[in-house]
Amino acid sequence: MGGAGTLTAEARDAIAASDAFIGAARVLESVKDSGKPMYVSYKPVEIAEYLSEHSEYSSVSVLLSGDTSFYSGAKKLRDRLSGYEIITLPGISTLSYMCAKLGIAAEDTDVVSLHGIDKSIVCRVRDSRYTFALLGRAADALRICSELGEYGAECRVYIGSRLGYEDERIITTAPESYTGEAADPAAVIIENCSPKCLLGKHPSDGDFIRGKVPMTKESVRALVLAALDPDRESVIYDIGSGTGSISIALSLISHDITVYAVERGEEALRLTEENRRKFLADNVRIVGGDAPAALEKLPAPDRVFIGGSGGNLREIIEAVLGKNGDAKIVLTAVTLETLSETVRIAERLRLSCETSLISAARSRNAGRSTLILGENPVYIFTLRRMSDDE
């Protein structure tokens, strides 16, 4: 994890018995006085080539920072070094070390790596008492604090800097007060004393900030989510996001889902942004503009919801399939024109087309009586590329 002081006795024995060492320059500092050969690299391909060129070494230690079971280079290295006897010796993880320093129970902590990985952090903080994030650079701590401050998240941030070294430091700060004092390598634990625990929840219509922009109603929203059936790390387009109700509901399924809310209307963009902030849903990314042009620079989706097409339904579907021919597309229709257009597009593009019709009604008090008021019937289409046997 850091200096030689945090090595286990088992690791010390292995190092003493090794003929050579491989690792990043910072990690090799811990064995610089050994007098044995060293090769600076953390890339599996380079390490494999070095070992094949140096068969004279019977025992080589590859020194890695971090936890051997948590986004570790050890995984890819093991896959590359078939034919070698490999012994993995875990050390003290940054999570365990930092929790011990702060008196925090690790089982109360949501754990994520942001080391070279683009993952949302605010939504995790929203739902957990403690959130641990392993960082690629200390500068990432400033970005995280900036994002937490932007969303108005009420929390305390602990930034561990150079843990295990003589100059280690743990900084305690409010997000808006941090100015970037930490040094590499770094990790953070974020404490939220009042977690909202929204993950897995199904927001009701009354939970959203609403204006004059149409919103997909709760009963329809539930069926749309079921039809989309996203995976834990899905990339999803919500085209014509309106108030953002579909985007927010999707974002609450998993912290690792990324939703691109695409909208051209100014008021709708404002409402989507207000609801994103209300739900602390930073895994919703807002994209302004007309589809399909607004989709051009977005990553390929595996799920798409079309709530509004602006008259470009076929062009949008073709653009989506151009990015990922296997994407599942779900759309809603409330007019006969959209209904017939969707069927024609499915036939022309050779897409399988499943159709459901929902007709819901809700109660409303009228004095001492209760009225049952019907909502507009809505068609829900699920489009996918046909399999070879269809």
Side-chain angles (χ1 to χ4, degrees), residues 118-119 216-217 219-242 244-264 272 283-358 377-390:
D118 181 18
K119 291 198 173 187
T216 303
K217 298 295 192 297
S219 52
V220 177
R221 197 161 59 240
L223 291 179
V224 167
L225 265 61
L228 287 168
D229 189 24
D231 297 326
R232 188 174 65 88
E233 296 185 346
S234 281
V235 174
I236 307 172
Y237 295 171
D238 176 11
I239 300 173
S241 62
S245 65
I246 292 288
S247 292
I248 297 301
L250 285 166
S251 77
L252 298 182
I253 293 174
S254 166
H255 294 145
D256 294 319
I257 279 177
T258 303
V259 184
Y260 290 90
V262 181
E263 178 56 63
R264 63 178 182 171
T272 299
N283 51 343
V284 173
R285 316 285 170 86
I286 298 175
V287 181
D290 284 296
L295 312 178
E296 185 176 340
K297 295 182 180 180
L298 302 184
D302 52 77
R303 304 289 192 277
V304 175
F305 172 65
I306 305 175
S309 65
N312 299 323
L313 184 58
R314 178 169 179 171
E315 292 82 356
I316 291 171
I317 292 174
E318 289 176 334
V320 167
L321 296 175
K323 284 178 169 287
N324 179 7
D326 294 322
K328 180 190 282 190
I329 302 170
V330 175
L331 62 94
T332 53
V334 295
T335 67
L336 291 176
E337 288 76 13
T338 304
L339 170 64
S340 58
E341 182 185 11
T342 302
V343 173
R344 286 197 305 271
I345 291 171
E347 290 175 349
R348 289 172 184 171
L349 300 181
R350 289 191 50 77
L351 302 174
S352 68
C353 180
E354 297 178 9
T355 310
S356 301
L357 172 64
I358 177 173
V378 179
Y379 287 91
I380 301 173
F381 294 92
T382 302
L383 307 179
R384 299 198 75 161
R385 184 172 64 177
M386 286 187 184
S387 60
D388 294 337
D389 56 354
E390 288 185 274

Under 3.5 Å donor-acceptor, E354 side chain and T382 backbone = no
Answer yes or no: is there a side-chain heavy-atom contact under 4.5 Å between I248 and T272?
-> no
Exam field: side chain N283 to backbone S254, donor-acceptor pair closer than 3.5 Å | yes
Distance-only, no hydrogens or angles: does the R303 side chain make a donor-acceptor pair with backbone N or O of Y237 under 3.5 Å?
-> no
When you measure from the side chain of K328 to the backbone N and O of F305, does any donor-acceptor pair fall under 3.5 Å?
-> no
From CZ (R221) to OG1 (T332), nearest 0.5 Å | 12.5 Å
Nearest-0.5 Å distance, CE of residue M386 to CG of residue L349 | 10.0 Å
For residues V284 and S251, report the shortest heavy-atom separation together with the two atoms involved.
-> CG2-CB, 3.6 Å
Side chain proximity check, V224 to V220, heavy atoms < 4.5 angstrom | yes
Does a donor on one side chain sit under 3.5 Å from an acceptor on the other, for S234 and D302?
-> yes
Please lay out, stage by stage, how I239 and L331 fare under the test side-chain contact (heavy atoms from CB on, under 4.5 Å).
-> CA-CA 9 Å; I239 300 173; L331 62 94; over 6 Å; no
Any side-chain heavy atom of C353 sitting closer than 4.5 Å to one from F381?
-> yes
Those residues at least two apart in sequence (or on a different chain) that pass salt bridge (Lys or Arg N to Asp or Glu O under 4.0 Å) with R314 are E318
Go through the steps to decide whether L225 and I253 satisfy the test side-chain contact (heavy atoms from CB on, under 4.5 Å), and finish with yes or no.
-> CA-CA 9 Å; L225 265 61; I253 293 174; 4.1 Å; yes
Considering all heavy atoms of both residues, which atom of V320 and which atom of P301 are nearest to each other, and what is their separation?
-> CG1-CG, 4.3 Å
Could you tell me whether the side chain of P230 reaches within less than 4.5 Å of the side chain of L250, counting heavy atoms only?
-> yes
Do R385 side-chain atoms and L351 backbone N/O form a donor-acceptor pair below 3.5 Å?
-> no
Calculate, to the nearest 0.5 Å, the distance between atoms CD1 and OG1 belonging to I306 and T338 respectively.
-> 11.0 Å
Side-chain donor or acceptor of S352 paired with backbone N/O of R384 under 3.5 Å | yes
Is it true that the side chains of S245 and T216 contain a donor and an acceptor less than 3.5 Å apart?
-> no
Atom CZ of R264 with >12 non-hydrogen neighbours under 6.0 angstrom = no
State, yes or no, whether a side-chain contact exists between V235 and P299 at a heavy-atom distance under 4.5 Å.
-> yes
Can any side-chain N or O of E233 pair as donor or acceptor with the backbone N or O of I257 at less than 3.5 Å?
-> no
Hey, does the side chain of S241 reach the backbone of D238 with a donor-acceptor pair shorter than 3.5 angstrom?
-> no
From the options L295, L321, I329, I317, select the one residue that forms a side-chain contact (heavy atoms from CB on, under 4.5 Å) with V304.
-> I329
Taken to the nearest 0.5 Å, the spacing of L228 CG from I246 CD1 works out to 7.5 Å
Which atom of A300 lies closest to which atom of N324, heavy atoms considered = CB-CB, 4.4 Å
Could you pull out all residues at least two apart from K119 that satisfy salt bridge (Lys or Arg N to Asp or Glu O under 4.0 Å)?
-> D256
Validation row: T355, I380 side chains within 4.5 angstrom (heavy atoms) | no
side-chain contact (heavy atoms from CB on, under 4.5 Å) assessment of R285 paired with T258 | CA-CA 7 Å; R285 316 285 170 86; T258 303; 4.0 Å; yes
